[in-house]
Enquirer: 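Got a structure for you, questions after.
Below, read A as the first sequence line, B as the second, and so on, with proteins coming before strands; counting in each chain starts at 1.
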2 protein chains.
Amino acid sequence: MGKFKLDEIDHQILDMLIDNTRIPFTDIAKKLVISAGTVHVRVKKMEEAGIIKGSSLTLDYKKLGYSFIAYVGVFLNNTSQTKFVLERISEIPFVTVAHITTGKFNIFCKVRAKNTSHAKDIIFLLDDIEGIYRTETMISLEESINDKKRLMHSIFNEL
Amino acid sequence: MGKFKLDEIDHQILDMLIDNTRIPFTDIAKKLVISAGTVHVRVKKMEEAGIIKGSSLTLDYKKLGYSFIAYVGVFLNNTSQTKFVLERISEIPFVTVAHITTGKFNIFCKVRAKNTSHAKDIIFLLDDIEGIYRTETMISLEESINDKKRLMHSIFNEL
DNA sequence: GGTGAAAGCACCGAGTT
DNA sequence: AACTCGGTGCTTTCACC
């Protein structure tokens, strides 16, 4: 759970892989002027340490017909039910992430849907969960994503 | 921007790649009882169509020392400044995503930080942006993520 | 649109410095 | 810890179906 020591070479390797996980290790090796074997060993170590949890595709959900994003704040009848309700919410398809939060809402989640009508169906599923008193929906009109590469650079420059 | 026709084989290929982008195409081919060349061509087509935007590593930010997540709701003095402020917010490091939203807040963003003290620094940067009247922070106490695989399955089963 | 084979490379472990 | 090297096996293309 603690920090893990990464040196400049590790940063550079992550930096290249974060943009394209299928880039050949030989290419990485050439750019960093080290051997491909070294790249291999370092990646393996970062995997073993759990820094690299896995790899995934970045899909264009808009092109798949899912261009609707909303955040939903949830108010509970009773905060002792928080954990239970979080689990119920997580089971709903198209809820991509849910958080227990401080502040205004008890639980806070993100919904990805086809359109308003589809989102309505999903939010009705939410409202039906026992223990939920009320929900408040915020529809995303425009999204501005900061890619992982920038976050990584911020992290590396701070360490 | 519209939908794109994916058949069952494409679904299966995405399904395997979404969990591990470095899985050999020969393995996918074996499981689906098609040739590796076919897998290659289909992946290429999905890339060209923009369905697959890229691939990325899944990192453990907690292990890197960044275990703090908060959502910040932003109120503006004047909604005509919304676009401008969104851009300023997106420039702040550790802001991973920002949305223009309907509802309570004008803008809504997610912050990833080391700890409360670090988050405070970031939120102060937000508060300093011209045009922002007030912010409201919700700290994540617990996160429940629904992986991409589940979202994919939901999407495929609906199509 | 799919196949299968072949050429070119990449991966990754073993042995060395 | 990193390098080189070599066997194994993956990727990618192309003529053919």
Side-chain angles (χ1 to χ4, degrees), chain A residues 2-60 63-65 148-149 152 155-157 159, chain B residues 1-60 63-65 148-149 152-153 155-157 159:
Chain A
K3 289 190 196 178
F4 182 87
K5 263 283 186 213
L6 297 181
D7 67 11
E8 189 52 31
I9 305 228
D10 293 323
H11 292 180
Q12 304 260 23
I13 292 173
L14 287 179
D15 199 48
M16 299 183 78
L17 283 176
I18 216 160
D19 258 4
N20 174 15
T21 57
R22 288 186 83 95
I23 187 176
F25 286 5
T26 47
D27 285 11
I28 298 176
K30 254 177 254 162
K31 235 174 218 168
L32 304 185
V33 201
I34 54 177
S35 79
T38 303
V39 176
H40 178 236
V41 169
R42 280 170 177 265
V43 169
K44 211 169 172 187
K45 272 188 191 161
M46 289 190 278
E47 280 170 351
E48 277 160 10
I51 301 281
I52 298 176
K53 285 198 284 191
S55 59
S56 190
L57 294 179
T58 310
L59 298 177
D60 190 330
K63 290 221 165 100
L64 289 168
K148 286 188 191 175
K149 196 157 189 161
M152 281 273 288
I155 289 177
F156 291 161
N157 291 332
L159 291 178
Chain B
M1 280 280 164
K3 287 189 196 181
F4 182 86
K5 263 284 185 207
L6 298 181
D7 66 11
E8 189 53 30
I9 306 228
D10 293 324
H11 291 180
Q12 305 258 26
I13 292 172
L14 287 180
D15 199 48
M16 300 183 78
L17 283 176
I18 216 159
D19 259 3
N20 174 15
T21 58
R22 287 185 84 93
I23 187 176
F25 287 3
T26 47
D27 284 11
I28 299 176
K30 256 177 250 161
K31 236 176 216 166
L32 303 184
V33 201
I34 54 178
S35 76
T38 303
V39 176
H40 179 238
V41 169
R42 280 172 176 264
V43 169
K44 213 168 172 184
K45 274 191 187 157
M46 290 191 279
E47 281 169 350
E48 277 161 9
I51 300 280
I52 298 175
K53 285 197 284 191
S55 58
S56 190
L57 294 180
T58 310
L59 299 178
D60 190 329
K63 290 221 165 101
L64 290 168
K148 287 188 188 174
K149 194 156 192 162
M152 283 274 287
H153 284 156
I155 289 176
F156 292 161
N157 291 333
L159 291 177

Enquirer: Looking only at non-hydrogen atoms, find the nearest pair between B:Ser56 and A:Thr58 and report the distance.
Expert: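 Minimum heavy-atom separation between B:Ser56 and A:Thr58: CB-OG1, 4.3 Å.
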Enquirer: Flag yes if more than 12 heavy atoms outside B:Lys149 fall under 6.0 Å of its NZ atom; otherwise flag no.
Expert: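 Yes - once you tally the heavy atoms of other residues, nucleotides and ligands closer than 6.0 Å, there are more than 12.
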Enquirer: Looking at A:Arg42 and A:Ile9, what are the two nearest heavy atoms and their distance?
Expert: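 Scanning both residues, the minimum pair turns out to be NH1-CB, 3.6 Å.
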Enquirer: Any chance you could measure B:Asp15, atom CG, to B:Ile28, atom CD1, to the nearest 0.5 Å?
Expert: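 If I round to the nearest 0.5 Å, the distance is 10.0 Å.
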Enquirer: B:Phe156 vs B:His11 aromatic rings, parallel, tilted or perpendicular, using cut-offs 30° and 60°?
Expert: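 The arrangement is parallel - the two ring planes meet at less than 30°.
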Enquirer: Could you tell me from which nucleotide to which nucleotide of DNA chain D, 5' to 3', there is an atom under 4.0 Å from chain B heavy atoms?
Expert: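 Both ends considered, the range comes out as D:dC10 to D:dT13.
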Enquirer: Looking only at non-hydrogen atoms, find the nearest pair between B:Ala29 and B:Ala36 and report the distance.
Expert: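 Between these two residues, the closest heavy atoms are CB-N, 3.5 Å.
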Enquirer: Kindly give the heavy-atom pair with the smallest separation between A:Gln12 and A:Leu32, and that separation in Å.
Expert: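 Nearest pair, atom of A:Gln12 first, then A:Leu32: CB-CD2, 3.6 Å.
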Enquirer: Drop me the distance from B:Leu17's CG to B:Asn20's CG, to the nearest 0.5 angstrom.
Expert: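 Answer for the CG-CG pair, B:Leu17 versus B:Asn20, is 8.0 Å.
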Enquirer: Any chance you could list the contact pattern along nucleotides 3-17 of chain C? Use B for base contacts, S for sugar-phosphate-only contacts and - for none, protein heavy atoms under 4.0 Å, 5' to 3'.
Expert: B------SSBS----
Enquirer: Return the angle between end axes of the helix from C:dG1-D:dC17 to C:dT17-D:dA1, with five pairs used per end and rounding to 10°.
Expert: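 What I find for the helix from C:dG1-D:dC17 to C:dT17-D:dA1 is an axis angle of 30°.
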Enquirer: Let's go through A:Thr21 and B:Thr21 carefully: what are the C-alpha distance in whole Å and the side-chain angles of both, what is the deciding distance for side-chain hydrogen bond (donor to acceptor under 3.5 Å, both in side chains) to 0.1 Å, and is it a yes or a no?
Expert: CA-CA 7 Å; A:Thr21 57; B:Thr21 58; 2.5 Å; yes
Enquirer: Which atom pair, heavy atoms only, marks the closest approach of B:Lys31 to B:Met16?
Expert: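 Minimum heavy-atom contact is CD-CE, 3.4 Å.
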